[in-house]
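Step one of this worksheet: look at the structure below.
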Number of protein chains: 2
Amino acid sequence: MSTTPSSPVTHADRFARAREAQSVALLEDYAELIGDLHAEMGEARVADIAARMGVAQPTATKAVSRLKREGLATSRPYRGVFLTDTGTALADRVRRRHRTVVSFLVAVGVPEDVAELDAEGIEHHVSDQTLSAFDRFLSAGTPED
Amino acid sequence: MSTTPSSPVTHADRFARAREAQSVALLEDYAELIGDLHAEMGEARVADIAARMGVAQPTATKAVSRLKREGLATSRPYRGVFLTDTGTALADRVRRRHRTVVSFLVAVGVPEDVAELDAEGIEHHVSDQTLSAFDRFLSAGTPED
DNA sequence: TTTGAAACATAGCCTTGGCTATGTGGCATG
DNA sequence: CATGCCACATAGCCAAGGCTATGTTTCAAA
């Protein structure tokens, strides 16, 4: 009664969604990073992935396995890691979303370094609809751009 | 140039912080929920906690154990769960932050239901500085309030 | 061509946060 | 006052995402 049981979206639903988002967050980050490494140095080595993510090398290896299992990346032993088309699309989408979130936070008065820090966590929970709102806010706020 | 590698705050640092935030996120949610249940029904039973969080009952029990271990809650077997002063303070802080985030999202054009959904994940990654910016934005945007 | 260091893989362990199945305590009701 | 049901606890399992320690490849340099 107190929880408006007739509501289509329950408290529990929201938590379930947040849990879901969190479970794909790391995959998104790894995919984006691999894309960045390819752009910056022409290839993505496990050692570089580990260094950039701030994790031990076996942790990066395990993450790559998960990416492969999800169809986002490919790799052969002792060679670099490559994104599949799906993985590349994901990386691009994540990168764009990240930039939008950071720009948006800065636009509403968050210091750049703080925006960069917070965006890393926030971005994974920003739905398409919210992202659109951010985009609209940005284009409305910078007509002289 | 896209990732400003010369920055004192590295890519890895940001991920570490996001990981940190995620590890306390659930504790925050459980604490807030227990506070809500006390406010709504005078007590917080494990069964209600589980139902609201959308998890099985043993999962809620385990979460309560963690809360107790962290000094946020107390409980005796087969009795309700109670927040400590620290837990209450945390719950209040989380609740206020949640409301601010939702209000802010709505203020920038996100539909209410979507704001509610996204806030559940976003709020845990909003730093004090970013929260202040949201507050400032809200008071600036509603001078007639 | 050998070899040694760096890069990578693998094994095995931990914690967290889910789950199901099953044991136990508390309390209302017959 | 007995007993059955519901609430809760406990045991044991799983996957994810960390870690260290230790094999295995690769490659460049001697």
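Residue numbers start from 1 in every chain, and the chains themselves are labelled A, B, ... in the order their sequence lines are given, proteins ahead of strands.
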Would you list the protein and nucleotides 25-28 of chain D atom pairs, both N or O, that sit under 3.5 Å from each other?
{"residue": "D:dT25", "atom": "O4'", "partner": "A:Tyr78", "partner atom": "OH", "Å": "3.4"}

With no hydrogens and no angle check, is any side-chain donor or acceptor of [X] less than 3.5 Å from a backbone partner on [Y]?
{"X": "A:Thr59", "Y": "A:Val55", "answer": "no"}
{"X": "A:Ser75", "Y": "A:Gly80", "answer": "no"}
{"X": "A:Thr130", "Y": "A:Val126", "answer": "no"}

Do A:Leu33 and A:Leu37 make a side-chain contact, defined as non-hydrogen atoms from C-beta onward lying under 4.5 Å apart?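 The answer is yes; the side chains approach within 4.5 Å.
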Do A:Lys62 and A:Gln57 come within less than 4.5 Å of each other through their side chains, counting heavy atoms only?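 A:Lys62 does not reach A:Gln57 side chain to side chain.
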Base, sugar-phosphate alone, or nothing: which one does B:Ala47 contact when heavy atoms must sit under 4.0 Å apart?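 Sugar-phosphate contact only - B:Ala47 comes under 4.0 Å of backbone atoms but never of a base.
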Looking for any heavy atom pair under 4.0 Å, which part of the strands does A:Arg69 touch: base, sugar-phosphate only, or nothing?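 A:Arg69: backbone/sugar contact only, no base atoms under 4.0 Å.
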Starting from [atom2] on [N], measure out to [atom1] on [X] and report it in whole angstrom.
{"X": "B:Glu20", "N": "D:dG17", "atom1": "CD", "atom2": "C1'", "result": "15 Å"}
{"X": "B:Arg19", "N": "D:dA16", "atom1": "CZ", "atom2": "P", "result": "17 Å"}
{"X": "A:Gln22", "N": "D:dG17", "atom1": "CD", "atom2": "P", "result": "8 Å"}

A:Val106 with B:Leu105, same ILVMFWY side-chain cluster at under 4.5 Å: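 In one cluster with A:Val106: B:Leu105, no.
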Can you confirm if the aromatic rings of A:His125 and B:His125 lie within a centre distance of less than 6.0 Å?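 When the ring centroids of B:His125 and A:His125 are compared, they turn out to be within the sub-6.0 Å range.
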By ring pair (Phe, Tyr, Trp, His ring centres under 6.0 Å) - contacts of B:His38 (at least two apart):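 By the ring pair (Phe, Tyr, Trp, His ring centres under 6.0 Å) rule, B:His38 matches B:Phe82.
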My understanding is that only residues two or more places apart in sequence, or in another chain, count here; which of them pass ring pair (Phe, Tyr, Trp, His ring centres under 6.0 Å) with B:Phe104?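 Once residues adjacent in sequence are excluded, the partners of B:Phe104 under the ring pair (Phe, Tyr, Trp, His ring centres under 6.0 Å) criterion are A:Phe104, B:Phe134, B:Phe137.
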How do B:Ala56 and B:Glu70 order along DNA chain C: which one's closest nucleotide is nearer the 5' end?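 The residue whose closest nucleotide sits nearer the 5' end is B:Glu70.
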Residue-level proximity of residues 26-34 of chain A to DNA chain D when a heavy atom falls under 4.0 Å: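 Heavy-atom contacts with DNA chain D come from A:Leu26, A:Tyr30.
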Salt bridge between [X] and [Y], side-chain N to carboxylate O under 4.0 Å?
{"X": "B:Arg52", "Y": "B:Glu40", "value": "yes"}
{"X": "A:Asp48", "Y": "A:Arg45", "value": "no"}
{"X": "B:Glu28", "Y": "B:Arg97", "value": "yes"}
{"X": "A:Arg17", "Y": "B:Asp118", "value": "yes"}

On DNA chain C, reading 5' to 3', which nucleotide is the first and which the last to sit with an atom under 4.0 Å from a heavy atom of chain B, could you check?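 Both ends considered, the range comes out as C:dT16 to C:dC27.
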Any residue of residues 57-66 of chain A with a heavy atom less than 4.0 Å from an atom of DNA chain C: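 The stretch gives A:Gln57, A:Pro58, A:Thr61 as the residues lying under 4.0 Å from the strand, ordered by number.
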